[in-house]
Asks: 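Quick one: this structure, given as structure tokens, is what I'll be asking you about.
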2 protein chains.
Amino acid sequence: MFSKATEYALRATIFIAQKGTEDNKIGIGEISKAIDSPPSFTAKILQALRKNNKIIRSVSGPNGGFYMTEKMRKLPVRAILEAMGENEMLDKCVLGLEKCSETKPCPMHSKYKIIKEQLIELFETKTIQHLADDIKNGAVFINNKSK
Amino acid sequence: MFSKATEYALRATIFIAQKGTEDNKIGIGEISKAIDSPPSFTAKILQALRKNNKIIRSVSGPNGGFYMTEKMRKLPVRAILEAMGENEMLDKCVLGLEKCSETKPCPMHSKYKIIKEQLIELFETKTIQHLADDIKNGAVFINNKSK
DNA sequence: ATAATTAAGGACAAATTTATCCTTAATTAT
DNA sequence: ATAATTAAGGATAAATTTGTCCTTAATTAT
Ligand code: FES
Ligand code: FES
């Protein structure tokens, strides 16, 4: 559904929301271990989420790392998708027509549209905070690596 | 949602179902023009759909080209997705966990699962024939290129 | 001030996906 | 038989995505 980069962005952000505060910042090492992602690549992605999109914060130096403010935690999942350029995906024709449109739709459009709307609603109503809380509550996971 | 290759596969197959019969085969030139796809790449894809997956048929030589039998037209969209290796996509965790599972789910799982099931049902119940018929009936299109 | 720690940033490498081109094989028409 | 037409198949190229590594900058502790 999403690119690797977006998957890492989502998992990392959820993990930071769960563990990172201004006075307990999380390093890239801990993050990439927790979410099972390549550290350098993940660092690149977090850099972008910080710089261009203000979805997370970071500080360099000892005890530095990543964290989120309350406000940032309340962002919907969709904010991360937008930051990662997956917005197009949520607006794309399932058969790859140039444009998903009501006036010149593909033969999957009428049925697919209904499902796509549910996806969008899910991504717009779920916040990072919700997801982080679910993990704290214990029934769900941010990593299910077998070994 | 799907790769370019899969999008071309779907559109090409729908177009062949709509126009190609044993005594009116469609050439790769006409197909790629109709669905707005790169001819050589499309040819590769159709080759595979023919050879490994028996979703379409073809013959070389003058008046050669691609076509489908009645039986082939009745295949669900999912058959093409399977042939194109997109099966994994329909079984994948939306956050990219190693495995989408009920026992160690990600925090999006419970809500996402419901939507994913609708997608799967759509792909399993819609047949190529249905989609081709919709185009014949005139309200939908296999190409909406602007220029 | 100096050393230690951690993210930022840039350059580069590997892998995958998308795409093209050319030769061969199959089929048909003359 | 020969020529013409069309898909099959292989080699290769271009583009994109994924990933690594190294140096620099920022921050903190001594
Ligand atoms: S036109 Fe294809 S999904 Fe809307
Ligand atoms: S575990 Fe993530 S979608 Fe099922």
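Lettering follows sequence order; numbering is per chain, from 1.
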Asks: Going by number, which of residues 83-90 of chain B have a non-hydrogen atom under 4.0 Å from DNA chain C?
Replies: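 Heavy-atom cutoff 4.0 Å gives no residues at all.
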
Asks: What nitrogen or oxygen pairs link the protein and nucleotides 7-14 of chain D at under 3.5 Å?
Replies:
from	atom 1	to	atom 2	distance (Å)
dA7(D)	OP1	I28(B)	N	3.0
dA7(D)	O4'	S60(B)	OG	3.4
dA7(D)	O3'	S58(B)	OG	3.1
dA8(D)	OP1	R50(B)	NH1	3.2
dA8(D)	OP1	S58(B)	OG	2.6
dG9(D)	N7	Q47(B)	NE2	3.3
dG10(D)	N7	K44(B)	NZ	3.3
dG10(D)	O6	K44(B)	NZ	2.3
dA11(D)	N6	K44(B)	NZ	3.3

Asks: Run the ring pair (Phe, Tyr, Trp, His ring centres under 6.0 Å) test against Y112(A) and tell me which residues pass, sequence neighbours left out.
Replies: none

Asks: For N63(A) and for F41(A), find the nucleotide of DNA chain D with the closest heavy atom, then tell me which residue's nucleotide is more 5'.
Replies: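 Between the two, 5'-proximity favours F41(A).
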
Asks: Tell me every residue that passes side-chain contact (heavy atoms from CB on, under 4.5 Å) with T69(B), counting only those two or more places apart in sequence or in another chain.
Replies: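 For T69(B), the residues satisfying side-chain contact (heavy atoms from CB on, under 4.5 Å) (neighbours in sequence not counted) are R57(B), K71(B), M72(B).
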
Asks: Would you mind writing out the side-chain donor-acceptor pairs for residues 19-31 of chain B within the sub-3.5 Å range, not counting sequence neighbours?
Replies:
from	atom 1	to	atom 2	distance (Å)
T21(B)	OG1	N24(B)	N	3.2
K25(B)	NZ	E22(B)	O	3.4

Asks: Would one find a side-chain N or O of Y8(B) under 4.0 angstrom from OP1 or OP2 of dA19(C)?
Replies: yes

Asks: Please enumerate all residues that pass side-chain contact (heavy atoms from CB on, under 4.5 Å) together with E82(A), with sequence neighbours excluded.
Replies: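 E82(A): side-chain contact (heavy atoms from CB on, under 4.5 Å) contacts with R78(A), N87(A).
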
Asks: For E70(B), what residues pass the salt bridge (Lys or Arg N to Asp or Glu O under 4.0 Å) criterion, not counting sequence neighbours?
Replies: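 Residues passing salt bridge (Lys or Arg N to Asp or Glu O under 4.0 Å) with E70(B): R73(B).
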
Asks: S3(A): what forms a side-chain contact (heavy atoms from CB on, under 4.5 Å) with it, not counting sequence neighbours?
Replies: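 Residues passing side-chain contact (heavy atoms from CB on, under 4.5 Å) with S3(A): A5(A), T6(A), E86(A).
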
Asks: Tell me, yes or no, whether the heavy-atom count around K111(A) atom NZ, taken from other residues, nucleotides or ligands under 6.0 Å, exceeds 12.
Replies: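 Atom NZ in K111(A) is not crowded, with 12 or fewer foreign heavy atoms closer than 6.0 Å.
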
Asks: Could you work out, with salt bridge (Lys or Arg N to Asp or Glu O under 4.0 Å) as the rule, every residue matching E88(B), not counting sequence neighbours?
Replies: none

Asks: Less than 3.5 Å apart, which donor and acceptor atoms pair up between the side chains of residues 134-141 of chain B and the rest of the protein, not counting sequence neighbours?
Replies:
from	atom 1	to	atom 2	distance (Å)
K136(B)	NZ	Q18(B)	O	3.3
N137(B)	ND2	D133(B)	O	3.4

Asks: With pairs taken as Watson-Crick or G-U wobble and both distances under 3.5 angstrom, which stems of at least three consecutive pairs involve DNA chain C?
Replies: C:1-30 with D:1-30

Asks: Quick one: ring-ring contact (aromatic ring centres under 6.0 Å, His included) pairs with a partner in residues 9-48 of chain B, sequence neighbours left out?
Replies: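 Output for this query lists Y8(B)-F41(B).
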
